[in-house]
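Read through the structure below, which is laid out as structure tokens, and then see the notes.
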Amino acid sequence: MVRIEFLGPIAKESLEMEATTLHDVAHKLSDDSEVKEWLSTCAVAVNDTLVSSLDTPLKSGDKVSLLPPVCGG
Amino acid sequence: MVRIEFLGPIAKESLEMEATTLHDVAHKLSDDSEVKEWLSTCAVAVNDTLVSSLDTPLKSGDKVSLLPPVCGG
Amino acid sequence: MLELHENALNVPDILSRWYQKERSNNYGAYLSFVGTVRHENGIEGLSFDLYEPILKRWFEAWQQRAKAEGAVVKMAHSMGDVMVHESSYVAAVFSPKRRVALELIDAFVEDFKATAPIWKYDLKDGVRIYAKDRSAPIAGSGLLETRQ
Amino acid sequence: MLELHENALNVPDILSRWYQKERSNNYGAYLSFVGTVRHENGIEGLSFDLYEPILKRWFEAWQQRAKAEGAVVKMAHSMGDVMVHESSYVAAVFSPKRRVALELIDAFVEDFKATAPIWKYDLKDGVRIYAKDRSAPIAGSGLLETRQ
């Protein structure tokens, strides 16, 4: 099981799912009506490191974070 | 008479001379052994405004300042 | 030096403390940037969420980049509510010479705005509203979007 | 706001005082630059002469340039001796948005270095030595040189 966390303004509790790569995560979240609208503008981190490929492998216990558009300062 | 002032590190008291343009000032200072070496690196102000032409007219009471290379901060 | 504070920053304290800490370390230039909440759009203030693990990594990478140029970066940011005319952000660079500091502060602040995992909300009538229109997707966003 | 002080600047006081003065004037960005005397070349400190009439005109022209962009510039500089690890120069820009402030502080500091009528001396064994090799002729210098 990997844990999916939604950061900042995405008003959603974290959830757990089976996934071996980010392809699986993308596929499962595309069915989630609460999250779907955020996917096009979110960056993705695996265990707190930003990643840029859907082929990124996942193992049990990994944390996947979705980071919506930012505005610090 | 115009008054010539030497600013910063030029160790020279101010002096007065007859001059109708900066051409006259340039000519007279070129004979001054203390000042001569500074002329190539000094900017010139007339009545506290930097000027860029030797044709700048001068009248009695004007102040001509020589500004050697600067380094503030 | 990354400082996270609840609510508004004490800017005089921060600018002074950093100055005193570094003034004898032979940095000729100290550049600082302070961000203050403006009165606009009828807001009472702003509110901030941040995600500390990624913010720390981002900042550590900047410390390394600064160090390679003989410089030091520092940053303070607010968490939670910061009212109009209070300050939420201070960034600073110390370097031996001025060009490095002038260029680093610019690059640091711009990268901060584009990348640091911090989310801003307007406070209106006591309600927190995500400042979506002023927010920027982090580079590489949209990875999980499935195109059908 | 152009402040000239005898000897070293009280940097915490200046940065704090300017912040407090402008913090409610809706400037989102406050950029400041502090110049501190470095321990190098065996000096005990630096010493400064300045020519106030032209310095004031130069600064007033910058105030106008800043005002045209909705910004404010401030500057403090030392006169006389400033010892190693003391500070001799503070410059600041306040502006509604960050890009204007980031660009103005850079242009202001560089123009200051190239143009402001201030002369620097090294202090060595109590003697004041003109820092000729680090000084730059003001644009247009050499006007009075007669070429024979």
Side-chain angles (χ1 to χ4, degrees), chain A residues 2-58 61-73, chain C residues 4 9 33-38 46-59 61 75-79 82 87-91 108-122 128-148:
Chain A
V2 301
R3 184 178 181 83
I4 317 293
E5 289 191 348
F6 304 94
L7 300 178
I10 315 179
K12 188 173 168 67
E13 290 297 304
S14 59
L15 54 85
E16 300 211 323
M17 63 171 65
E18 295 291 348
T20 57
T21 69
L22 285 176
H23 284 288
D24 300 335
V25 176
H27 184 70
K28 287 181 182 167
L29 291 182
S30 70
D31 294 334
D32 187 316
S33 59
E34 282 179 286
V35 173
K36 203 175 167 183
E37 59 168 322
W38 289 98
L39 296 183
S40 65
T41 56
C42 273
V44 181
V46 174
N47 300 328
D48 296 333
T49 298
L50 291 167
V51 295
S52 57
S53 167
L54 284 177
D55 298 327
T56 304
L58 297 172
D62 280 350
K63 177 173 65 173
V64 176
S65 307
L66 270 68
L67 296 90
V70 296
C71 187
Chain C
L4 303 175
L9 302 178
F33 179 101
V34 176
T36 299
V37 179
R38 302 182 68 217
L46 298 174
S47 190
F48 297 91
D49 283 342
L50 54 82
Y51 184 60
E52 199 167 332
I54 291 181
L55 183 62
K56 278 187 173 167
R57 288 193 178 196
W58 171 84
F59 184 74
M75 185 181 120
H77 203 284
S78 295
M79 302 178 290
V82 181
S87 301
S88 54
Y89 179 52
V90 184
F108 180 75
V109 168
E110 291 299 333
D111 190 49
F112 167 81
K113 290 277 179 184
T115 309
I118 301 181
W119 296 277
K120 180 180 284 178
Y121 305 80
D122 289 331
R128 227 170 168 237
I129 305 156
Y130 175 49
K132 188 176 178 180
D133 55 330
R134 281 124 64 206
S135 299
I138 295 171
S141 286
L143 185 63
L144 294 182
E145 189 179 26
T146 49
R147 286 161 230 279
Q148 278 132 358

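A note on names: the letters A, B, ... follow the listed sequences, proteins ahead of strands, and every chain is numbered from 1. Side chains included, hydrogens not; waters and symmetry mates left out as well; all remaining heavy atoms used.
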Next item on the list: Could you have a look at A/P69, A/A45, A/G8 and say which one has the most heavy-atom pairs with chain C under 4.5 angstrom?
Entry: A/P69
Notebook entry, point to check: Rounded to the nearest 0.5 Å, what separation is found between the CD1 atom of A/I10 and the CG atom of C/D49?
Noted result: 11.0 Å
Notebook entry, point to check: Considering all heavy atoms of both residues, which atom of A/A43 and which atom of C/I138 are nearest to each other, and what is their separation?
Noted result: CB-CB, 3.7 Å
Checklist line | Contact origin within A/N47 toward chain C - heavy atom pairs under 4.5 Å | finding: backbone
Item checked: chain A contact via C/R57 - which portion, at a heavy-atom distance below 4.5 Å -> side chain
Notebook entry, point to check: Got more than 12 heavy atoms from elsewhere within 6.0 Å of NZ, C/K132?
Noted result: no
Check: What part of A/S52 lies closer than 4.5 angstrom to a heavy atom of chain C: side chain, backbone, both or neither?
Finding: backbone
Margin query: Test your reading of the model: is there a side-chain donor-acceptor pair from C/K113 to the backbone of A/G72, 3.5 Å cut-off?
Written below: yes
Item checked: Region of C/A131 in contact with chain A, defined by heavy-atom distances below 4.5 Å -> neither
Item checked: A/S53, part contacting chain C, at a heavy-atom distance under 4.5 Å -> backbone
Next item on the list: Output the distance between atom CD1 (C/I54) and atom CG (A/L7), rounded to the nearest 0.5 Å.
Entry: 6.5 Å
Next item on the list: Measure distances from A/K63 to the heavy atoms of chain C and classify the residue's part below 4.5 Å as side chain, backbone, both or neither.
Entry: side chain
Item checked: C/L144 side, atom CG; A/H27 side, atom NE2 - distance, nearest 0.5 Å -> 13.0 Å
Notebook entry, point to check: Going from NZ on A/K36 to CD on C/E145, what distance comes out if it is rounded to the nearest 0.5 angstrom?
Noted result: 10.0 Å
Checklist line | Most contacts with chain A, counted as non-hydrogen pairs under 4.5 angstrom, among C/Y130, C/W58, C/F33, C/Y89 | finding: C/Y130
Check: Can you tell which of A/D48, A/L66, A/L29 has the highest number of heavy-atom pairs within less than 4.5 Å of chain C?
Finding: A/D48
Item checked: Residue A/E16 excluded, over 12 heavy atoms near CD under 6.0 Å -> yes
Notebook entry, point to check: Are there more than 12 heavy atoms of other residues, nucleotides or ligands under 6.0 Å from atom NZ of C/K56?
Noted result: no
Next item on the list: Below 4.5 Å from any heavy atom of chain A, which atoms of C/A114 appear? Answer side chain, backbone, both or neither.
Entry: backbone
